[in-house]
Amino acid sequence: MKKELPKIYEPQEVEGRVYEAWEKNGCFKGVRDPDKRPFTIVMPPPNVTGQLHMGHAMDCTLQDILIRFKRMQGYAALWVPGADHAGIATQAKVEESLRENEGLSRYDLGREKFLERVWDWKNKYGARIVEQQKKMGVSCDWDRARFTMDEGLSKAVRHVFVSLYDKGLIYKGSRIINWCPHCVTALSDVEVEYQDKPGSLWHIRYPIQGEADKYVVVATTRPETMLGDTGVAVNPADGRYAGIIGKTCILPLVGREIPIVADEYVDLGFGTGCVKMTPAHDPNDFEVGLRHSLETIRVLDDHGRVAQGYGKYSGMDRYEARKAIVADLEEGGWLVKVEPHQHNVGTCSRCHHDVEPLISAQWFVKMQPLAKEALRVVREGETKFVPERFSKTYANWMENVRDWCISRQLWWGHRIPAWTCEDCGKITVSETDPSNCRHCGSARIKQEDDVLDTWFSSALWPFSTLGWPENTEDLQYFYPTDVLVTGYDIIFFWVARMIFSACEHTGRPPFHTVFIHGLIRDDKGRKMSKSLGNGIDPLEMAEQFGADALRFNLVTGNSPGNDMRFYTERCEAMRNFANKIWNASRFVLMNLTIDSCALPEQLELEDKWILSKLNSLIPEVTDNMERYELGVAAQKVYDFIWDSYCDWYIEMTKARLQGDAPAAKERAQQVLCYVLSETLKLLHPFMPFITEEIWQALPRRPEEDREAFLMLQRWPQQNGRLSFPQEERAMELVMEAISAVRARRAEMNVPPSKKARLTVATLETEVFAAGIPFLKRLAHASEVTIEGVSAAADSEQAAQEGMVEVITHAARLFLPLAELVDLDKERERVQKQLKKDRAELEKLDTKLNNPGFVNKAPAHVVQAERERAEKLRALLEQLEQSAAALG
RNA sequence: GGAGGCAUAGCUCAGCCGGUAGAGCGCUCGCCUCACACGCGAGAGGUCACAGAUUCGAGUUCUGUUGUCUCCACCA
């Protein structure tokens, strides 16, 4: 911290410098330590393609808060960073840039050359992501950064593949899969997003073979697939069609003879009750086709074009073919009618083109056996979701999970470690490149061209990053990890797959807690997206308001698992909070003459009040943190700093700091420093930069390491000797009086510069005597007289003397400002308050007269209510006198 | 069709062992009070969606209703 402190906190100047200092001093190192318990966080590795977006910023912030908290609590905290190779996304980006800049496709370059380009890209953008994360303040161990295509992680991938294959849990087969004709690859089920789109339902007439003028009418949303029809199905219970089951019909335009079969799958109530069967292009038709041995004829190629052999339709794009076929059907008189029809169309989650279901030979992971254990560990609480409701989402998916299609027709990724023998046709699967076929010994073997789904390697992240399959010391010490933080949108993609992978390969769930957060939306509640152009760049926010402010914004004002709207105004508010802390600290430092902030022996009332407040804050915040209620914890620290420390305590110390007693002055400094320093520790996980910067400038406590960083200090502990409940209450009586006087003055529009004598009638003479300096300074009293009288005794007299009377629970205060009083307004005010307090007292009395309440409610609650009623009764009595005096 | 979230101040949202309804922004009034106008002080503003149930006591627990959003499933 510089000697001359600016009045406005400038985060840009501080944040980079502070981070550099931490990094240079190895503050982030996750070190194995036999004396410590490990705490490990699994970071969702961002895609190498990218730019850090708000979702990452949220991930980073929550994780960093947790890891800093645990580190300060004395755990051996490890946070492994890294990046994901993001198969389709990255390949698409590189292909795009290749096309735009050089007019080349990946095929022009060839596999090897193309992959070199992708690696170049990875090196460039991977580094950028790291810089962006550092700007957010994340304290992970950068030396341990991993990439999903590193040698070590690739080895883990091959090991897992071979192991699952050997156990019969990976197989290759021809199945109906989701195919993206734009990305030209197979997709897994979770990579398909369904969108409601307007479409049509075409009713088409298929003539029955050998029966002139007899037809079945089928209804379809995708007429172009009729080229691949190999049957028509009706429900066996459908009386309308009982007579035609077993007959055949002639496929229009194609002329193929196809059977009419009966299958329960057909819904009698929908369309015409007759369904055309296209087993090669529809998952349901495929199932029906299996039951009735229907042929499968694939009519669309990998790019979504009509295959060869269909005359003029061949080579047409599927939508073009649809138009042509509909036109021809109409012309031929086959088209009965067209109805508008809303239906749910599967689209590629990457490029949003319509997905084409089709039959293709792909690799799959058999899910049933894996899901069993993955369900158990969550059901039995070995892995918990926070909030808990997401375990239902998880279980529901896992219970109905289908086999996972893991092969992708891409180049960028882990190439499938399987070789097909050109002699015997059998497959050899191996971790290392085999030179011969395992079955016949032939050297004529060829590796699969396809790569694995990106999530196949991401699923291993918690253990592959720690050295698995080697039994490394890191793995032994840090694994299983503790917490995974991520958005609910990737529970299926990643969380579920990590859990079953870890259970299968390490025998243990990968973490005990999955901390789920919601999505960040724009200020209108819309998803942030490129196409809408409504994305808010976290780095821009950090630049403008500071990463601390951005972090604080992200963590407060929302509850775990719920979506959050992003308001720039809130960033600004948090920036203001940072500035508030800055100036409070500036105030403390400006008044500083001491060089250590040990607590003094002699404590004043206000010292005990703030220390006691702090002392109860500590366990509350700690508790909230441990229960992942980070927003609540942050809010409590915020309130303490702004309300208790700044608005009250600092103001109260000014009397001493600006007085002439050197010892009292020094004691005030000690307590100011002590409380600030402890508070900075509590705030540090949320606002790491500014807290570190200020803490470096503060004097140390004797037990603190002068050279150390705040981020490595011990988390504050509650201290039994710093609890002063009586003084807390006493101080608050004075504070109540101050607020009440200020309110009265404000009502009468008395400017702060106009001081007035203040007479306090109270039984708590000692308390108010101690409060004189505060009444003077904060209630604008020129002088204060304390009268140790029963407050009720002479209110009438006071009123007659033309004093303004202020009534609180513990005192009656008189101000010689009667000339400023508007009697009508005054009467109105008193009546209003009387009404409110009477109602309140009545409520309380009813409650206290209720035997049910007195007998059944906990004693302390009853006691508290009694005290409240007593105080209220006394206050009312005085208000009534006051009202009477006003007439 | 199945599952879940949400409904609290003008707006956006906290409020997680049931015990006097909160914050930020906005609004009104007064203040450049020697840390801070990115500030200080004082206010206005709420039938906690609706109906029941449990309880001495419900914004908070349970059931149902309505509205709204999301996820899963996929009747061509």
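In what follows, chains carry the letters A, B, and so on, assigned in the order in which the sequence lines appear, proteins first and then strands, with residues in each chain numbered from 1. All values below come from the heavy atoms of this structure, side chains included, with hydrogens, waters and symmetry mates left out.
Here A/Glu747 pairs with A/Arg744 in a salt bridge; the nearest charged N to carboxylate O distance falls below 4.0 Å. The residues A/Arg222 and A/Glu356 are annotated as salt-bridged, a charged nitrogen and a carboxylate oxygen being separated by less than 4.0 angstrom. Here A/Asp238 pairs with A/Arg240 in a salt bridge; the nearest charged N to carboxylate O distance falls below 4.0 Å.
A/Phe587 carries A/Lys654 over the face of its six-membered ring, with the cationic atom under 6.0 Å from the centre and within 45° of the normal.
Counted by atom type alone, A/Thr347 and A/Asp354 present zero donor-acceptor pairs between their side chains at under 3.5 Å.
Both A/His341 and A/Gly852 lie near RNA chain B, and the one whose nearest nucleotide falls closer to the 5' end is A/Gly852. Heavy-atom nearest nucleotides on RNA chain B were determined for A/Val632 and for A/Gly561, and the one closer to the 5' end corresponds to A/Gly561.
With B/U20, B/U12, B/C36 as the choices, the nucleotide that has an atom nearest any side-chain atom of A/Arg565 turns out to be B/U12. Side-chain atoms of A/Gln658 lie closest to B/C34 of the nucleotides B/A76, B/C34, B/C40. Looking at the side chain of A/Ala743, the nearest of the listed nucleotides B/A76, B/A14, B/G43 is B/G43. Closest to the side chain of A/Lys580, out of B/A76, B/C36, B/A42, is B/C36.
A/Arg402 comes within 4.0 angstrom of sugar-phosphate atoms only, judged by non-hydrogen atoms across all strands, and of no base. As judged by a 4.0 angstrom heavy-atom cut-off over every strand, A/Arg222 is placed among residues making no nucleic acid contact. Heavy atoms of A/Pro283 sit nowhere under 4.0 angstrom from any nucleic acid atom. Residue A/Asn749 is classed as a sugar-phosphate contact, given heavy-atom separations below 4.0 Å to backbone atoms only. Within the 4.0 angstrom heavy-atom criterion, no nucleotide atom of any strand lies near A/Asn855.
Rounding to whole angstrom units, CG of residue A/Asp563 and P of B/U68 are separated by 18 Å. In this structure, OH of A/Tyr488 is placed 12 Å from C1' of B/C6, rounded to the nearest angstrom. Taking atom CG of A/Asp639 as the reference point, atom P of B/G24 lies 8 Å away to the nearest angstrom. As a whole-Å value, the separation of A/Ile8 CD1 from B/A37 C1' is 9 Å. One can place NZ of A/Lys843 at 11 Å from P of B/A58, the figure rounded to the nearest angstrom. The NE2 atom of A/His860 sits 10 Å away from the P atom of B/G19 (whole-angstrom rounding). One can place CZ of A/Arg586 at 12 Å from C1' of B/G39, the figure rounded to the nearest angstrom. Taking atom OH on A/Tyr567 and atom P on B/C13, their separation rounds to 6 Å, with Å as the unit.
Under 4.0 angstrom from either OP1 or OP2 of B/G39 there lies at least one side-chain N or O belonging to A/Asn576.
The shortest distance between side-chain heavy atoms of A/Trp648 and A/Leu778 falls below 4.5 Å. In this structure, the side chains of A/Thr593 and A/Gln669 come closer than 4.5 Å at one or more pairs of heavy atoms.
Of all heavy-atom pairs between A/Cys274 and A/Val216, the closest is SG-CB, 4.3 Å.
Taking a pair as Watson-Crick or G-U wobble with both distances under 3.5 Å, the runs of three or more consecutive pairs in RNA chain B are B:1-7 with B:66-72, B:10-13 with B:22-25, B:27-31 with B:39-43, B:49-53 with B:61-65.
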